[in-house]
Amino acid sequence: MDRRWIYFIFALFSSLPLSPAFPSADHSSLRLGFRSQDVSEPLGNVLSRKKRAVDTSVSQYMVDIELSFPNASLLDDLKLFIQSLSYPIALDDSMTANISAISVTTVCSLSGSTSQCSCENGYTWSGDVCHTYTPCVGSSSRCTCINQTPPTGAYCQVTTAKNKKMSLRILEDFTDDFRDLSSAKSQSYTSRIENAFDSSYGSLPGYLYARVTRFRPGSVVADYTIVTDAVNSSVLQAANTDLVANLSATFRLATPAIQNVIEGQSNLNVSPVNVFIGDRVSLLCTVNSASTNVLWYFNDTQKITSIAPFEITNKTTSSTSESNLVITGMTKNNAGNYKCMFENTSDLYLVDTNITVASITITGPDSVQVTCNNSDYTLVTCSTDGDINSLSLTCSSDPNKGVFNRSQLCASATCWNYMVQASPDQCTEGSKATYTCTCFTPYEAKVSKVISVTYLNPGAQLTLTPASALTISEGRSIWLACQSSKNVSDIIWNFSGAINTTVQNTFISYTASNFTSILYIPSAVTSWKGIFYCSSKTLSVQSVQKSVNVVKLIPSSLIDIKPVETFYESGKDTSFSCCGSDMSGYTATLQPSVGRTTDMILNGNCFSVNYNCVGCNDYTAFCTIKNSLGDTVNSRTMKLTLRQPETIRCQNPPGIGAIGDIITVPCADDNINLTGNKSFTCTPTGWQPILPNNCVLKSLNRLANDIVNLTGPAGTDILHLYVEDLSTTVTTERENITSQPSNIITVVNILQQVENSTTTVPQAVMQNFLQTVNVVVDEASTNSWGAMNNRTERSTQLLESVEKFARKLQIDNGGNISIKNNSNVQLVGIIASPSRNYDETFSFIQGNNLTGSVLIPQSSVNQMQANTSIITIAYATLKDILLNTSTEFVNGLVMTTVLSNSVPSTFKISMNFKKSNQTLNVPGCVFWNLTTNNWDNTGCRGVNYDSNVTCECDHLTSFSILMSYKSVDSIILDYISYIGLAISIISLLICIMIEGLIWKSVTKNKTSYMRHVCLMNIAVSLLLADIWFIIGAAISTLLKSDATNSTNTNACVAATFFTHFFYLSLFFWMLTMGLILFYRLVYVLHDMSKSRMMAIAFTVGYGCPLLISIITVAVTQPSKTYMNDNACWLNFRDSKAFIAFVLPALTIVLVNFIILAVVIIKLLRPSVGDKPKKEDKSTLVHIGKSIAILTPLLGLTWGFGIATIIAPDAIWVLGIFSALNSLQGLFILLFGCLLDKKVRDSLLSRFSLSRGSSQQTKTSHVTTSEIQFSRGVFNIFAKKGAYNISTAQRSSTSETPSNSYSLLT
């Protein structure tokens, strides 16, 4: 054992110098006292005081020791060391001097110029010290921590003070202000009364303080507590008299004004012990004293009198007093604290108790079919949140069928089930009985239900699985299967619980192969607690019933934590809490990342605990909440960072911190009407808030929490009530919502969940829904929208929710609806009729008196399905919320038009927008793309007028006009592309046909063979790529008309894949041709077999494109980011899949440019001597021809795409690029086929009447110029190493050099 501290104590007793074993320390940061005694001398001169002499040889001493540490963390080590000691500790070998106990009493710390001194548990400052110095902020007790270091020798003392409870009666009418101690009136009275307390009670021995604990009616009674040492009655009476004299100048006091509150001498018995709604409850209060008056209080501040439902009877004898409070028909509102007070002249006898009131619910179907097959059928279930054994469940039948029936505890032991069971011999097919079931207590509480029972003979059956009852936690899934003995299509699921209803079809699926209907509720809420059974009208039978118990389990997102992110000092407790709207029925533990798991205590709806992480540095913690089933959920993580006292510059509230620290605290700390968190940063001037915060109104948070009820069995029934509540709340809190981004985000999330929860929308619900939207898009909210980090995503979320909600709107009132009473959003709609078009107008005072209109011609309306709803929503202020750019601005209304059914394949819509800014004159008719979260002009055209813009589109969504001061017209580009593509396809077909006809005659040697293989595959790849491009364009049109059609979507994916693959194949075959050309030019003396060249060519030409295409679709399609949003082509914005085409293509173009340069260099280099000057012109001509031939075959025209990146708005650049590449098929036909002499000759031979004559003619008519053209330009692929001397000689005079090879021979 480390004995340094023991040596130190021994040194004090022996008057020896301190042992070197104990290191010295600077007295700078920490002050520590052992036991309490005033010592004014330095440590070396500390005097020992004899406490008492037990006998002549044994004495006991108490020593005060003060230590200072340079580092506060050493205090934790000291405490741990002291706790580990075993007493007594011998100070010498003879055991003549022992230490019997060591206790830490006082800890002082210095932070900058601020010091604090706090007392350890069981110790407190003396009254003099406590009243001299101000208490620490946030201290749990007034005299346990002070904001200054007292003189040397003043330490905390052992707590000896007792709490003395008293009451003061003021003759004044009691008002509701007194019920809230934080009200201005209560604080004023409290301040004046407590000042008088200090003045009058300050002379009491050991007086620390006196505080008002509450005000209650009975005039105005202030209950208070005095914290002081034990005092005799005469001294206390004198202080009371002085207090009355002091307060009489301020208040009118009763006589007597002060009473002693005596606890523990009266009794309060409650019958019954377990109380239920409807019970008659008796509270009998007795005291062994004759009292002149008896008072009853409910929850401290409500005085109870004999007014229904309360009845009070009192009885007093010479030695006892008795009061009986009877409460008839208990309700949840009667749950709380009940206090009984007996008064006499100077004393008040007090006793209290807390009463909880449990509810009783009886659930079950209104009618039950009982098959007489000796199976159990549940008629009703009686459940409670109290003691189930205090309840009884009985049923009586009329007529009495004599069937076996009984009540039994359900599987969870929290409810009673009443079961009936009938055998075949007890049944008459179709006979009925009426059961009246009652769940009750012996104290008048009861609930009843009537059930009609029909008895059926065994026949066709519906079997429900699993067979046993189901008990799950909230948020878990419910899975039930109903198997029929026959194939029927009308199996329905019934639910009996808080309401009786048919389960929505969205939770049901049917498998015909095994006659089974599956009920699957993915995330159950507590309202699904009840009985499920399936039934079939065809079979006239229903299954047995399945009892499902859903036990509440709060989601992690609804647990409010404290602290969120904070800083702490070593050795000091940190208070942790995890709260929810209803935390009853749970247990909780704190799970720190270091240290021990600690149980938390429930107080109200908060679990809390004080935790001291000894020896920790930075750590995290979270709460684990457990329900009655043992299922758990973890709160969000709380983060704590250690700070040394010398670094702390910012103090509470909201916490401690060093310069630059950021602390996150609950918003409720400053405003109880808020939830969420907010952050502060520590600056030299103190804590400064970080904006924006995510504080949310509690009224909105309540609605966000309650929305889960829409997924319950009563979701459809309560939808209108919920949306009405939402609209009222948002309208009432309009100013708070529009000024806070987090409130807007919460409302937008709620609107989205409301939309997801329903399949049909009544008009009244739509009205309230739009009133809510009207607030969040109000002009006052523009700044809040601008401050959002995810503004674009949230505005898209809002637009999409309104659009989807409108599609579900049920239009009645003669087939039309008009909601135009909102300032920011309006709605009109009709049921489509073949006899009319759709023509609606909008006008707003908001936003420069904007107007707009929508016209769908009758030709488009006629193509719509029967009973299709056409609905348009117009927004006046959304133009300022949705995304604008530095050069383009939304310049009018935003109008959304939707159909309840699919959009016709040929569809037109015309819209007219009044300009908001008349100076913008370049229109762009756009719609908000819900996938890319941006404006898109696909399928729209616009015409600009002086004050308005007319737009025509071929699809539906949210439209507006995006205007700027410049524009690029792309109509001409469309025509260039379409015409060029048609010419290219025809040219490629001709080229392929020609190659097929003359194949054998032009592929007689290896070089020619490889050249024509490359040419043929280039033509085939480009042809197929163009065809798939056209198919993709057609599918894109279908997809725009019906975006939800999965068949169209899958077809678009296929078109994108094949277009990508064949265009890549085109480029890789062009690369193959370039590489073969390069090989023939550079490696003159090297030869490669035809089979090897073919293997390499097809691997590069098709293998590489296939690999790239497959990887691209495999990586991006699972996340739905493979395709472009506007066409069946690769996505660029989200996944950058387009790079999988652009990067290989431009790389190949660059390589082929290099190969072209090599060709030109070879053409310029003579093989034998220098060329005469007269041949320069001929050489340049041959170079030009070679460039013209090689450019389309090597795909060099695609390199012009770089210019479109540099000048994306230059129409001439885009036009050249479109023309060159859309006509690539024509260029291949011309330069790859028709200009090739061998191809022309072969064609002539093919179609000549006499092949022999043709061949002779061909030989005899080859002129020198033809030979020059053929060998100089088209013989780059000439056979390697086959040099002809006569050709070489001729080359020196009239041809390009013989080692310059042509591509096309």
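No hydrogens, no waters, no symmetry mates; every other heavy atom, side chains included, goes into these values.
Of the possible donor and acceptor atoms, none in the side chain of Asp385 sits under 3.5 Å from a partner among the backbone N and O of Ala358. Between the side chain of Trp528 and the backbone N or O of Glu474, no donor-acceptor pair lies under 3.5 Å. A distance-only check finds no donor-acceptor pair linking the side chain of Thr363 to the backbone of Ser496 [under 3.5 Å]. For Gln265 (side chain) and Val287 (main-chain N/O), no donor-acceptor pair under 3.5 Å exists by modelled atom type. With hydrogens and angles ignored, the 3.5 Å screen pairs a side-chain donor or acceptor of Ser186 with a backbone N or O of Asp177. Side-chain N or O atoms of Asn671 include one that pairs as donor or acceptor with a backbone N or O of Asn673 at under 3.5 Å.
Between the side chains of Thr331 and Asn334, at least one donor N or O lies within less than 3.5 Å of an accepting N or O. Tyr338 and Asn354 share no donor-acceptor pair across their side chains, judged by distance under 3.5 Å alone. Of the N and O atoms on the side chains of Asn344 and Ser291, not one donor lies less than 3.5 Å from an acceptor on the other residue. When only modelled atom types and interatomic distance are considered, Ser584 and Lys552 share a side-chain donor-acceptor pair under 3.5 Å. Judged purely by distance below 3.5 Å, without hydrogens or angles, the side chains of Thr124 and Thr159 never pair a donor atom with an acceptor atom. A donor and an acceptor atom, one from each side chain of Asn274 and Asp387, are located under 3.5 Å apart. Side-chain atoms of Asn701 and Thr746 include no donor-acceptor pair closer than 3.5 Å. Neither side chain, Asn337 nor Tyr297, offers a donor N or O lying under 3.5 Å from an acceptor on the other. Side chains of Gln591 and Thr589: a donor-acceptor N/O pair is present below 3.5 angstrom, by distance only.
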One pair to check against salt bridge (Lys or Arg N to Asp or Glu O under 4.0 Å): Lys339 and Asp223. What are the steps and the verdict? CA-CA 13 Å; Lys339 279 187 172 62; Asp223 291 328; over 6 Å; no

Side chain to side chain donor-acceptor pair (under 3.5 Å) evaluation trace for Thr361 with Ser383: CA-CA 5 Å; Thr361 56; Ser383 56; 2.7 Å; yes

Would Thr286 and Glu322 satisfy side chain to side chain donor-acceptor pair (under 3.5 Å), going step by step from the backbone distance to the final call? CA-CA 4 Å; Thr286 58; Glu322 179 181 290; over 6 Å; no

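At a threshold of 4.0 Å, the pair Lys698-Asp560 does not count as salt-bridged, since none of the basic side-chain nitrogens sits closer than that to a carboxylate oxygen.
Of the candidates Asp300, Leu181, Thr175, Phe215 forms a side-chain contact (heavy atoms from CB on, under 4.5 Å) with just one, namely Leu181. Partner of Thr624 under the side chain to side chain donor-acceptor pair (under 3.5 Å) criterion, chosen from Thr587, Asn634, Thr632: Asn634.
Taking the six-membered ring for Trp and the full ring otherwise, Tyr189 and Phe178 have centroids separated by under 6.0 Å.
The SG atoms of Cys437 and Cys382 sit 2.5 Å or more apart.
The aromatic rings of Tyr611 and Phe576 stand perpendicular to each other, their planes meeting at an angle above 60°, with 30° marking the opposite boundary.
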